[in-house]
Amino acid sequence: MTPILLEFQIRGDERGSLIALEAERDVPFEVKRVYYIFGTQSGVIRGRHAHRNLTQVAVCVHGACTFALDNGRGGRCEIRLDRPTRGLLIESMTWREMADFSSDCVLMILANRNYDPNDYLFDYAKFCEAATSMQIEPGP
Ligand code: T46
């Protein structure tokens, strides 16, 4: 499994840098929710779940953390997010774990849906079962 990375354009000048994320241009969906994670304690692993129906882009706007993604069908990858110019696309039915947060990490997430606690899958075995039985569209 290869992580899908989005590279954002810096609109910088002599004063410094600015990145603008526009829905359906820089981020491939209409953004309904933005949240950010900061002050994560050392050694903590966050996530450990999948979403039935949620697509997100994760951007480490400050500091760094590592995402491990798993599609439940044997595909896995790990990616260190350590720059504000890069987004990681996390599609639905992807198990995610975030670890190795630097103490200054600010992880911003853009999501295509509002918060719905019923959308979470917390049981890894059940997630794999659901992912395996999913109808997979044939690739190009
Ligand atoms: C995800 C990863 C990358 C809300 O009230 N509204 C929200 O929009 C969110 C995201 C969370 N919450 C509450 C639910 C919990 O009481 O905030 C608390 C911490 O959330 P959670 O334990 O789900 O955080 P993470 O870091 O394990 O997971 C989060 C997102 O929930 C999840 O969708 O993909 O970040």
Side-chain angles (χ1 to χ4, degrees):
M1 182 180 173
T2 310
I4 302 173
L5 295 171
L6 311 174
E7 298 296 337
F8 306 129
Q9 191 189 337
I10 301 179
R11 295 161 202 285
D13 57 29
E14 65 286 351
R15 296 169 299 168
S17 303
L18 184 153
I19 290 177
L21 302 181
E22 292 201 17
E24 295 180 47
R25 283 176 63 172
D26 307 283
V27 174
F29 49 76
E30 192 190 331
V31 178
K32 288 275 180 62
R33 178 167 53 111
V34 177
Y35 60 93
Y36 33 96
I37 294 168
F38 55 96
T40 305
Q41 299 299 303
S42 161
V44 162
I45 299 180
R46 301 193 65 120
R48 285 191 161 138
H49 59 255
H51 284 278
R52 289 183 181 84
N53 280 303
L54 185 70
T55 304
Q56 303 187 108
V57 168
V59 186
C60 208
V61 292
H62 196 256
C65 71
T66 300
F67 264 83
L69 301 181
D70 177 335
N71 66 12
R73 301 187 302 277
R76 292 195 180 88
C77 64
E78 215 176 83
I79 178 86
R80 183 98 178 136
L81 293 185
D82 58 2
R83 61 200 73 173
T85 54
R86 176 175 281 178
L88 173 66
L89 182 68
I90 310 168
E91 294 176 299
S92 59
M93 291 305 285
T94 304
W95 189 266
R96 80 283 323 264
E97 298 187 0
M98 302 93 82
D100 297 325
F101 286 81
S102 62
S103 57
D104 59 352
C105 179
V106 181
L107 177 64
M108 179 180 72
I109 318 271
L110 312 173
N112 75 336
R113 290 182 178 231
N114 290 334
Y115 178 60
D116 176 6
N118 296 317
D119 188 58
Y120 285 68
L121 293 168
F122 287 111
D123 184 320
Y124 182 71
K126 284 187 184 154
F127 157 69
C128 290
E129 211 175 289
T132 307
S133 62
M134 263 181 0
Q135 195 77 33
I136 308 296
E137 295 290 330

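Each ligand, and each atom within it, is numbered from 1 in the order the structure gives. Numbering starts at 1 and runs along the sequence shown. Heavy-atom basis, side chains included; hydrogens, waters and symmetry copies ignored. Keep in mind that this is a model prediction, so the values were computed, not measured.
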Next on the checklist: Side chain, backbone, both or neither: which applies to Leu107 and ligand 1 if a contact is any heavy-atom pair less than 4.0 Å apart?
Outcome noted: neither
Item to check | Value rounded to 0.5 Å, distance of CG in Asn53 from OG in Ser92 | outcome: 6.0 Å
To which protein heavy atom is [atom] closest, and what is the distance rounded to 0.1 Å?
| atom | answer |
| --- | --- |
| atom 35 (O) of ligand 1 | Tyr35 OH, 3.4 Å |
| atom 26 (O) of ligand 1 | Arg46 NE, 2.7 Å |
| atom 13 (C) of ligand 1 | Tyr115 OH, 4.1 Å |
| atom 33 (O) of ligand 1 | His51 NE2, 2.6 Å |
| atom 3 (C) of ligand 1 | Met98 CE, 3.4 Å |
| atom 31 (O) of ligand 1 | Tyr120 OH, 2.6 Å |
| atom 8 (O) of ligand 1 | Arg33 NH1, 2.5 Å |

Protein non-hydrogen atoms only, distance under 4.0 Å: does [atom] have such a neighbour?
| atom | value |
| --- | --- |
| atom 10 (C) of ligand 1 | yes |
| atom 17 (O) of ligand 1 | no |
| atom 1 (C) of ligand 1 | yes |

Checklist entry - Are Glu7 and Arg86 within salt-bridge range, i.e. N to O under 4.0 Å? => result yes
Checklist entry - Any ion pair linking Arg76 and Asp70 (charged N to carboxylate O, less than 4.0 Å)? => result yes
Next on the checklist: Could you walk me through whether Leu6 and Asp26 satisfy the side chain to side chain contact (heavy atoms under 4.5 Å, CB included) test, starting with their C-alpha distance in whole Å, then the side-chain angles of each, then the deciding distance to 0.1 Å, before giving a yes or no?
Outcome noted: CA-CA 8 Å; Leu6 311 174; Asp26 307 283; over 6 Å; no
Checklist entry - His49 near ligand 1, heavy-atom distance under 4.0 Å? => result yes
Taking the side chain as every heavy atom from C-beta outward, state whether [X] and [Y] have any atom pair closer than 4.5 Å.
| X | Y | answer |
| --- | --- | --- |
| Ile4 | Leu88 | no |
| Pro28 | Val57 | yes |
| Leu54 | Arg33 | yes |

Next on the checklist: Ignoring hydrogens and geometry beyond distance, is a side-chain donor-acceptor pair present between Thr66 and Arg80 at under 3.5 Å?
Outcome noted: yes
Checklist entry - Using the ring of each side chain (for Trp, its six-membered ring), is Phe122 parallel, tilted or perpendicular to Tyr120, with breaks at 30° and 60°? => result parallel
Checklist entry - Gly47 to ligand 1: N or O pair under 3.5 Å? => result yes
Item to check | Enumerated ligand 1 atoms positioned under 4.0 Å from heavy atoms of Arg96 | outcome: 1 (C), 34 (O)
Checklist entry - Going by the atom numbers of ligand 1, which of them fall below 4.0 Å from some non-hydrogen atom of Ile37? => result 26 (O), 35 (O)
Next on the checklist: So if I apply the side-chain contact (heavy atoms from CB on, under 4.5 Å) rule between Lys32 and each of Leu110, Asn112, Asn114, which one comes out positive?
Outcome noted: Asn114
